[in-house]
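Worksheet: the structure to be examined is printed underneath.
Everything numeric in this text was worked out from a predicted model, so none of it was measured.
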Amino acid sequence: MALRIYNTLTGSADELVPGGIKKEKIGDYPPVTIYSCGPTVYGYAHIGNFRTFVFNDFLRRYLKFRGFRVDHAMNITDVDDKTIAGAVTESISLKEYTERYTAIFQEDLTALNIEPVEHTPKATESIGAMIEIIDLLVKKGYAYAMEGSLYFPVDRFKSYGRLSRLNSREIKSGLRYDTDEYAKDDVRDFVLWKAPKENEIYWDTPVGKGRPGWHIECSAMIRKIFKTTIDIHTGGVDLIFPHHENEIAQSEAAYGEQFVRHWIHVEHLLVNGSKMSKSLGNFYTLRDLLAKGYSARSIRFLLVSAHYRKQFNFTIDGISQADQALERFDNLLIRLKEIKKEGAPNPHVPNLIDSIFADFTGAVDDDLNISRGMGMVFEFIHAVNTMINDEKLTRMDADSIMLALKKIDAVLGFIFSEGSEKPGIDAAWVESMIAERLAARNSKDYGRADAIRRILLEKGIILEDTREDTRWKIRN
RNA sequence: GGCGCCGUACCCAAGUGGCUAAGGGAGAGGUCUGCAAAACCUUUAUGCAGCGGUUCGAAUCCGCUCGGCGCCUCCA
C-alpha cells in the first residue's frame, strides 16, 4: 500500500513519490525534500501556529516510520514590516529583537517535542540567494522597477492562480480597488525587493538598495538548499494565496522547472468558532497554557489527534480530555513494567503487534488519517490490558509490547513522557509514607492508612494498591 | 459577490455506496477492593442538520434549504 497525501496543486490525494520517479522499494527513494514555511519571529507564536509546526513534525516522523529518509528545511523570517516595527517598539536592534523571539520559538518547539529539522535558514542570512533569483528574474524580464522597488508582473506568468484556483482575482463586492493607489501595474503584482524607507534596515545589493519582499525568501532558500524541484512544501491554508502562489511564480519563472511536486496545507485552528489569529487577538500562546497548568504533552496530543485538513476548534475542555486520554498510556506503561512472570512468550503477542503496525500504517497512509490511526492504537491498548488482567503476558511479552509502543511513539511523540519524575517530590519520603501506611493497614488501622493517602494526595501523589504492593504516580 | 470546507451520541472525533455507524472523554451499572484507584465487562445515535431525488441499497452520490467557518488583504 502506498502513502497518499492530498495535494493542493492537483486537488487529489496523490502518492508520495520522492524525486518524482517511482521505485520498487521505499528504501530506494532519495531523501524526501521538504520545505515548511516557518514563523515570522515577532512576539510569541500562538498554538494555531503550532498546529502547523506540530503537523510538520508528525509528517516527517511518519515518513521516517515508513522507511523514507527526509531532508527538511524550515525558515525563520527575521526581517519584515512586523519585526522591524517590533524592534522599534521595544527600542532594541532588529537582530536583538529577532534573536530573542527565535530563541523563545525554539524553546516552544522543544517543549512540544518537535524534532529539530535539518536546515533552519534565516532570511537575513540568505540575502545572497535572494539576489541571485531576483537578478535572474530581472534578466528574463520578470521584474520591473517602480519607485525604487522591484515588482513581479503576474500577467506574464501564465499559470498564475493554479494553486489557489483564483484565475483572475475576484474583487470583493462593495470594495473597489483604486488602482491609482498602488505603485504597481496590476493589483496582483507583488514586490520582490522593497525600496528602503527612512531609518529602516536595508542591504546594498546589485539589484539595488532595499530589503526582501516576503515571498522571495522561501523561493531563494529552497533553491539554495535543495537546488531543484522539491517533493513537499507545507504551510497553513492561509498561505495558499498569495504567498505560495507567488513563490511558484517567482521560482518557475526564474528557473524554468517545476518548483514543488506536492503542496500540503494545514487547516486553521479555531477558537470559539473563529480563526485564531494575532490580529483578532483571540489566541493562546503555549506559555499561557503551560502557566495554567496544562502540559505541553497534552497540547501536542490534542494538536496531533485532529486531522490536518479539518478546521479544529480549540478548547480548554479539549486539553482536559487529552489529559485523560494520555493517562491510559501512562497506566498501561506502569502495568507493563510491573509484569514479572517468567517463561515462554505468549504466541499471540507477535500477531497482535503485527496487526497494530498494519492497522496503524493502513490508516495513516490514507491522507495521514491519524484520528483513525489513534483509534487503532487505543484498541491495541485495550487488548493488551485484557491480557494483563488475565495474566497472559510474560516479561518478554511486556518488553516486546513496550518496544512496539516505542516505534509508534516515534511518530506520535506523546506516549512516553519524559521527566516523569517531577522535581520537588522526594521519592524516598513517598516510599516511607507508603511503608507506614502498609503497616497501618496490616494492623487494620484504616483511619491512619486513609490519612496517609490524603496527605500524599495533597502533594499531588496518587496511591494505588495492587495485589503485590502499592504504587504511586503523580497527578497530572 | 467569487471560490472552498464543514454540520455524526452529553463533549471531541473516524467512517464518504453494502455485515450489528471506529476510537477518546464524560455518565450509569457490574467485577475486583478495608476504602480508593487502575484495569476489565455491560451500557449511552433504528440514527448521521432538514427536505426531496438517484439506487436493490446512502451518513456516504445529486439538488435545494438552514446553520457554522475559511480564502479572496498581513496571517500557520
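For the ring pair (Phe, Tyr, Trp, His ring centres under 6.0 Å) test, residues two or more places apart in sequence or in another chain that qualify with A/F65 are A/Y62, A/F360. Partners of A/D365 according to the salt bridge (Lys or Arg N to Asp or Glu O under 4.0 Å) rule, which considers only residues two or more places apart in sequence or in another chain, are A/R66. Qualifying ring pair (Phe, Tyr, Trp, His ring centres under 6.0 Å) partners for A/H348, counting only residues two or more places apart in sequence or in other chains: none. For A/K278, there are no salt bridge (Lys or Arg N to Asp or Glu O under 4.0 Å) partners two or more places apart in sequence or in a different chain. When the side chain to side chain donor-acceptor pair (under 3.5 Å) test is applied to A/T52, no partner is found at least two apart in sequence or on another chain.
Remark: the separation of the C1' atoms in B/C32 and B/A39 is 9 Å, to the nearest Å. For the P atom pair drawn from B/U16 and B/A49, the interatomic distance equals 15 Å after rounding to whole Å. For the C1' atoms, the distance linking B/A14 with B/G24 amounts to 11 Å, nearest Å. Comparing the C1' positions of B/A9 and B/U43 gives an interatomic distance of 13 Å, to the nearest angstrom. Rounded to the nearest Å, the gap between the C1' atom of B/G17 and that of B/G53 is 16 Å. Comparing the P positions of B/C6 and B/U46 gives a spacing of 25 Å, expressed to the nearest Å. When the P atom is compared between B/G70 and B/C64, the two are found 23 Å apart, to the nearest whole Å. Taking atom P on both nucleotides, B/U44 is separated from B/U60 by 24 Å, rounded to a whole Å.
The pair A/R261-A/D231 counts as a salt bridge, with a side-chain nitrogen and a carboxylate oxygen less than 4.0 angstrom apart. The pair A/R165-A/E245 fails the salt-bridge criterion, with no side-chain N (NZ, NE, NH1 or NH2) lying under 4.0 Å from an Asp/Glu carboxylate O. A salt bridge links A/D465 with A/R441: at least one charged nitrogen is closer than 4.0 Å to a carboxylate oxygen. Note on A/E90 versus A/R100: salt bridge recorded, some NZ/NE/NH1/NH2 to OD/OE distance being below 4.0 Å.
Side-chain N or O atoms of A/D108 include none that pairs as donor or acceptor with a backbone N or O of A/A45 at under 3.5 Å.
Note: CZ (A/R162) to P (B/C72) measures 21 Å, nearest angstrom. Between the C1' atom of B/C40 and the CZ atom of A/F378 lies a distance of 17 Å, rounded to the nearest Å. What separates CD1 of A/I334 from P of B/A37 is a distance of 16 Å, to the nearest Å. The separation between A/F283 atom CZ and B/C74 atom P is 20 Å, rounded to whole Å. Taking atom CZ of residue A/F414 and atom P of nucleotide B/G24, one finds them 13 Å apart after rounding to whole Å. Computed from coordinates, the A/D323 CG to B/A26 P distance equals 11 Å when rounded to whole Å. Between the P atom of B/A38 and the CZ atom of A/R471 lies a distance of 10 Å, rounded to the nearest Å.
Contact annotation for A/G48: base contact, defined as any heavy-atom pair under 4.0 Å involving a base atom. Across all strands shown, A/K275 has heavy atoms under 4.0 Å from base atoms, whether or not it also approaches the sugar-phosphate. As judged by a 4.0 angstrom heavy-atom cut-off over every strand, A/H243 is placed among residues making no nucleic acid contact. In this structure, A/M376 reaches neither bases nor backbone, as no heavy-atom distance under 4.0 Å exists between it and the strands shown. In this structure, A/S371 reaches the bases: a heavy-atom distance under 4.0 Å links it to at least one base atom across the strands shown. Within 4.0 Å of A/I240, counting heavy atoms only, lies no atom of the nucleic acid at all. Across all strands, A/H46 comes closer than 4.0 Å to base atoms (heavy-atom distances).
Across the strands present, B/U31 finds its partner in B/A39; the criterion is a Watson-Crick or G-U wobble pair with both atom distances under 3.5 angstrom. B/C64 and B/G50 make up a base pair, with Watson-Crick or G-U wobble contacts both under 3.5 Å.
Comparing B/A14, B/C69, B/A76 by their closest approach to the side chain of A/S274 singles out B/C69. Side-chain proximity of A/R372 to the nucleotides B/A76, B/C41, B/G15 is greatest for B/G15. Nearest to the side chain of A/V237, among B/C40, B/G70, B/C72, sits B/G70. The side chain of A/T386 sits closest to B/C40 out of B/G25, B/C74, B/C40. Of the candidates B/A37, B/A22, B/A14, B/A14 carries the atom nearest the A/N369 side chain, counting heavy atoms from C-beta on. Here the nucleotide nearest the side chain of A/N331, chosen from B/G24, B/A39, B/C40, is B/A39. Distances from the side chain of A/L270 to the nucleotides B/A37, B/G25, B/C69 place B/C69 closest.
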Expected rows: protein N/O vs nucleotides 4-12 of chain B N/O, under 3.5 Å:
residue: B/C11; atom: O2; partner: A/Q321; partner atom: NE2; Å: 3.1

Using a cutoff of under 3.5 Å, can you pull out all pairs of nitrogen or oxygen atoms linking the protein to nucleotides 31-34 of chain B, with atom names and distances?
residue: B/G34; atom: O6; partner: A/R437; partner atom: NH2; Å: 3.3
residue: B/G34; atom: O6; partner: A/R441; partner atom: NE; Å: 3.4
residue: B/G34; atom: N1; partner: A/D450; partner atom: OD1; Å: 3.0
residue: B/G34; atom: N2; partner: A/D450; partner atom: OD1; Å: 3.2
residue: B/G34; atom: N2; partner: A/D450; partner atom: OD2; Å: 2.6

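Legend: salt bridge (Lys or Arg N to Asp or Glu O under 4.0 Å) pairs involving residues 36-58 of chain A, not counting sequence neighbours, sorted by first then second residue: A/D57-A/R61, A/D57-A/R300. Pairs passing the side chain to side chain donor-acceptor pair (under 3.5 Å) check and including a residue from residues 382-397 of chain A, sequence neighbours excluded, read A/R335-A/N385, A/R335-A/N389, A/E391-A/R467, A/T394-A/D397, A/R395-A/D399. The list of ring pair (Phe, Tyr, Trp, His ring centres under 6.0 Å) pairs with a residue in residues 304-325 of chain A, not counting sequence neighbours, reads A/F55-A/Y308, A/Y284-A/F314.
Within residues 74-85 of chain A, the residues approached by RNA chain B to less than 4.0 Å at the level of any non-hydrogen atom are A/K82, in residue-number order.
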Quick one: side chains of residues 446-461 of chain A, donor-acceptor pairs under 3.5 Å with protein atoms, not counting sequence neighbours, listed by atom name and distance.
residue: A/R448; atom: NE; partner: A/E436; partner atom: OE2; Å: 3.0
residue: A/R448; atom: NH2; partner: A/E436; partner atom: OE2; Å: 2.6
residue: A/R453; atom: NH1; partner: A/L463; partner atom: O; Å: 3.0

